[in-house]
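Notes for the one structure printed next.
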There are 2 protein chains.
Amino acid sequence: MTQVGRRPDIAAVAAAAGVSVTTVSHVLSGRRPVSEATRAKVEAVIEELGYRPNPSARSLRTHRSESVALIVPDITNPFYPAVAAGLQDVLLGKGYLLSVNDAALPSRALPEVVRHVLARRVDGIVLASYGATEQDIAEIARSGTKLVRLGGRFRAEFGDVVRADDVGGMHDVVSHLIERGYQRIAFVNGEQDAHPSRIRLEGYERAMREADRAIDPDLILSTTFTRAGGVEGATALLARSPRPDAIVCGNDLIAVGVLDVTRRLGLSVPGDLAITGYDDIEAASLVTPALTTVHNPAREIGRTCARMLLDRLAGDYDDVAREVVLAHRLVVRESS
Amino acid sequence: MTQVGRRPDIAAVAAAAGVSVTTVSHVLSGRRPVSEATRAKVEAVIEELGYRPNPSARSLRTHRSESVALIVPDITNPFYPAVAAGLQDVLLGKGYLLSVNDAALPSRALPEVVRHVLARRVDGIVLASYGATEQDIAEIARSGTKLVRLGGRFRAEFGDVVRADDVGGMHDVVSHLIERGYQRIAFVNGEQDAHPSRIRLEGYERAMREADRAIDPDLILSTTFTRAGGVEGATALLARSPRPDAIVCGNDLIAVGVLDVTRRLGLSVPGDLAITGYDDIEAASLVTPALTTVHNPAREIGRTCARMLLDRLAGDYDDVAREVVLAHRLVVRESS
DNA sequence: CGCAGGATGCAAATCGTTTTGCAAACTAGG
DNA sequence: CCTAGTTTGCAAAACGATTTGCATCCTGCG
C-alpha cells in the first residue's frame with residue numbers, strides 16, 4: 001500500500017488499472033458484469049493503492065448515507081448500551097455507521113436531538129426515547145427517514161415498533177407477589193405520561209384485578225426512571241400508614257433507589273418489604289438482596305431493531321408497518 | 001414550512017430569495033459580508049422552505065465530515081457510556097455527529113472496527129480501546145485522521161492522550177489497605193498486556209515498595225476486565241494457602257466477580273478479606289458491602305477528549321501533542 | 001461471408017455544496 | 001463631476017463518486 005501524496009480517487013485507480021472509471025465503479029458495485037480478467041486487475045490495483053471510495057461523494061450521488069442513529073433517553077442507563085451493542089452486531093457487517101445520541105434532559109431536549117440527526121441525513125433512526133411526542137415522530141416521518149421505535153404505541157404511519165411484552169412482564173411480577181401473600185402492593189412508576197410507564201401500570205392493574213384486589217390510587221406514584229426517582233417514591237410511600245408490604249418498581253434503577261431508602265430506615269427486605277424491579281440490568285443481580293425483576297432482552301431488541309430498519313432501507317415492507325413483541329422472563333431473586 | 005415535492009436545495013433558496021447561490025452560501029457560512037437586508041431575506045426563506053444543507057455535498061467539498069467516532073473495548077462496561085455522554089456534552093452543540101463503536105471480541109476485532117470508521121472518513125477518533133496495538137494507531141495516524149486516546153502510553157506522533165492518574169490512584173488504594181493493616185495483599189488485574197493493566201500494576205508495586213512490603217508474584221494475576229475475570233482470579237487466589245487477606249482489583253467489574261466468589265465460599269468482607277475496585281461505576285456503590293474504589297471521572301474525561309479533538313480539528317495545536325492527566329479520588333466504602 | 005446480439009467499456013451528466021476571480025454598484029474624497 | 005476604494009453579487013470550477021446512453025468488439029449462426 002503505497003502512500004504518496006493525496007488519497008487516490010476512483011480515477012487514479014482506473015488509470016493505474018488501464019480502464020475507465022465506469023469499469024472500476026462496476027467492479028465495486030457489481031451492477032454490471034465485468035470480465036474476470038479486468039475485475040482481478042482492478043481489485044489488485046485497489047488493494048495496492050489502498051483505495052477507499054469517498055462516502056460523501058457516494059452518498060451525494062446515491063442519496064443514502066449508510067448511517068443510522070440511535071436516540072436514547074439516558075445513555076448511562078445500562079439498558080441502552082446493551083441495545084446499542086445489539087444494533088452494532090447487525091450494522092457493522094453491513095458497513096453502516098451507528099451514531100448514538102443521548103437525549104437526556106436538562107441539557108439535551110429531544111426535539112433538538114431529532115433535528116440534529118435529521119440534519120445529518122441519516123438513513124434511519126431507532127428511537128428509544130419514551131419522552132417522544134407525536135410531533136417528534138411526525139417530524140421524522142415527514143423527512144422520509146426510516147424509523148423503528150423501541151417501545152411506544154404502534155401506529156402504522158409512524159414506522160415499525162419493537163418492544164418487549166411489558167404488560168405481560170409486569171403482570172407476572174405482580175402476580176408473583178400476590179402468590180407470595182403480599183397484601184399492600186404499591187407501585188413506583190417512571191415518568192407519568194411516558195408510554196412504558198402507562199403499559200407497565202396496565203400490567204400491574206391487570207394482575208390486581210385478576211386476583212380481585214382493590215387498586216388503591218394512594219399506592220401508585222409517578223416519578224422518574226432513575227435511582228433518585230426511587231428514593232423519592234419510597235420516601236413518600238413508606239411514610240404512609242399502614243405501610244405497603246411490597247413495592248413494585250417501574251424499572252431496576254427505581255428499585256435500587258427504593259432499596260437505598262429501606263437501608264436508611266433499617267427495614268428488612270423482603271421481610272418488612274418486598275421490592276421488585278424491571279429490565280434485569282446487571283445491577284439487579286449485584287445489590288443485596290438481589291432484585292426480583294423481569295428480564296428485558298436488550299441486546300436482542302437491538303438486533304431486531306437493526307434488522308427491521310435494514311429491511312425498510314432495502315425497500316422491503318414499504319407499505320406495511322410491523323410490530324414485534326419479544327418475550328420477557330420473570331427472574332425471581334431474593335428481594336421478594 | 002411548506003413541504004412540496006422534493007427537498008429544497010441551495011438553488012431553490014437562492015431563487016426564492018432573489019439572490020445567487022453564492023450569496024446564500026455566504027449567509028450560511030459568514031465567510032464574506034452580506035448586507036443586513038439580504039441576510040434577513042435569505043434567512044426568512046430558509047426558514048420558510050425548511051432548507052437544510054446537504055451534509056454529503058458539503059463535506060465532499062470541504063473534506064470534513066463533522067463527525068467523530070468513539071471506539072471502546074466494551075460498551076456494556078458502564079464506564080464507557082459515561083465517557084460517551086461527556087463527549088456528546090461538547091460535540092452536540094458544534095453539530096458533530098458522534099458514532100459509538102464497540103470493539104468487543106470475539107465478534108469485533110479492533111483492526112476491523114478501525115478500518116470501518118476510517119472508511120467512513122470521520123474527522124477524528126477517540127480511541128478508548130486498551131487492546132490497541134501500535135499498528136492500529138499507526139493506521140489511524142497514516143490516514144491523517146485526528147486522534148485522541150483515552151489512556152495509553154503517550155507518544156507525540158500518536159496524538160493526544162487523556163487519562164486519569166491510574167498509577168497514583170492504585171497507589172492510594174493499596175496504601176490505604178496497608179494502613180488498615182492488611183498483610184497479604186493480592187492483585188487481580190485485567191488483560192495482561194493492556195496498558196491500563198500495566199500502569200495499575202505499577203501503582204500497586206510502588207505502594208508496596210514504599211511500605212517496604214515484599215512483592216509476591218504468586219499474588220498477582222492477570223485475567224480480563226470483566227466480572228468473569230474476577231471470578232476466575234478469586235477462585236485461583238483463594239485456593240492458595242495461606243490465603244490473601246485483601247484483593248486489589250484492576251477495576252470494579254473484577255471486584256464484583258471476586259465478591260461473587262466470597263459469597264459462594266461464605267467469606268466475610270472485609271472481615272476475612274478486603275476487596276477494592278477501580279473506576280467507581282454505579283455498581284460499586286450498589287453491591288453489599290459497597291466497594292472501596294477509586295473514582296474515575298468518566299464524563300469529565302469524555303468532555304476533555306472532545307475539547308482536545310476540536311482543538312486539533314480547528315488546526316490549533318497542530319505541531320504539539322498534549323497529555324492531560326485528570327485527578328482521581330479514593331472512595332472508601334465498606335469493603336476494606 | 002455477413003450480421004445479429006451479447007459482452008464490455010467509454011464519455012458525460014449528475015448529485016448539492018463551497019469558493020475564487022471578476023464585474024457591477026455604490027460611496028466618498030478631491 | 002471624476003475616480004479610487006468598498007461592498008455586494010454572479011458565473012463557473014471544483015469535490016469524487018454513480019449511472020445512463022452509446023460505441024465497439026467479439027462470437028457464432030445462417
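Each chain gets a letter, A, B and so on, in the order its sequence line appears, and its residues count up from 1.
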For the pair made of CZ in Arg7(B) and P in dG16(C), what is the distance, rounded to whole Å?
10 Å
Outermost contacting nts on DNA chain D, any atom under 4.0 Å from chain B heavy atoms, listed 5' then 3', are dT8(D) to dG16(D)
Could you note down all residue pairs passing side-chain hydrogen bond (donor to acceptor under 3.5 Å, both in side chains) where residues 144-153 of chain B supplies at least one of them, sequence neighbours left out?
Ser143(B)-Thr145(B)
Indicate whether the side chain of Ser25(B) and that of Thr22(B) have a donor and an acceptor atom separated by less than 3.5 Å.
no
Using 4.0 Å as the upper bound for N to carboxylate O, is an ion pair formed by Arg303(B) and Glu300(B)?
yes
How would you label the contact of Ser29(B) with the nucleic acid (heavy atoms, under 4.0 Å): base, sugar-phosphate, or nothing?
nothing
Listed by chain and number, what are the side chain to side chain donor-acceptor pair (under 3.5 Å) partners of Arg163(A), not counting sequence neighbours?
Glu323(A)
Difference in axis direction between the ends of the helix from dC1(C)-dG30(D) to dG30(C)-dC1(D), five pairs, 10°:
50°
Residues Arg39(B) and Glu43(B) bridged, charged N to O under 4.0 Å
yes
Rounded to whole Å, how long is the line connecting atom CZ of Arg39(A) with atom C1' of dT8(C)?
13 Å
Please tabulate, for the side chains in residues 76-86 of chain A, all donor-acceptor contacts under 3.5 angstrom to protein atoms that are two or more places apart in sequence or on a different chain.
unit_1	atom_1	unit_2	atom_2	d
Thr76(A)	OG1	Asp74(A)	OD1	2.7
Asn77(A)	OD1	Phe79(A)	N	3.1

Where do Gln88(B) and Asn101(A) come nearest, in terms of heavy atoms and distance?
NE2-CA, 3.4 Å
Sorted by number, residues from residues 56-69 of chain B placing a heavy atom under 4.0 Å from DNA chain D are Leu60(B), Arg61(B), His63(B)
Atom pair distance, as rounded to whole Å: CZ in Arg120(A) and P in dT17(C):
14 Å
Categorize Ser25(B) for me: base, sugar-phosphate, or nothing, with a 4.0 angstrom heavy-atom threshold over every strand shown.
base
Quick one: on DNA chain D, does Val19(B) or Arg121(B) contact a more 5' nucleotide (nearest heavy atom)?
Val19(B)
Examine the base of dA11(C) for any acceptor or donor lying under 3.5 Å from a partner atom in the side chain of Thr22(A), and report the outcome as yes or no.
yes
Salt bridge check: are Lys41(A) and Glu36(A) linked by an N-O gap of less than 4.0 Å?
no
On DNA chain D, more 5' by nearest nucleotide between Arg52(A) and Ser20(B) is Ser20(B)
Between the side chain of Arg120(B) and the main-chain N/O of Glu66(A), is any donor-acceptor distance below 3.5 Å?
yes
Is it the case that the side chain of Arg64(B) and the backbone of Leu313(B) share a donor-acceptor pair, with hydrogens and angles ignored and the cut-off at 3.5 Å?
yes
Donor on one side chain, acceptor on other, Thr23(A) and Ser20(A), under 3.5 Å
yes
Take the protein atom CD1 of Ile10(B) and the nucleotide atom P of dC15(C), then report the distance between them rounded to whole Å.
15 Å
For Val21(B) and Arg32(B), take the nucleotide of DNA chain C holding the closest heavy atom to each; which residue's nucleotide lies nearer the 5' end?
Val21(B)
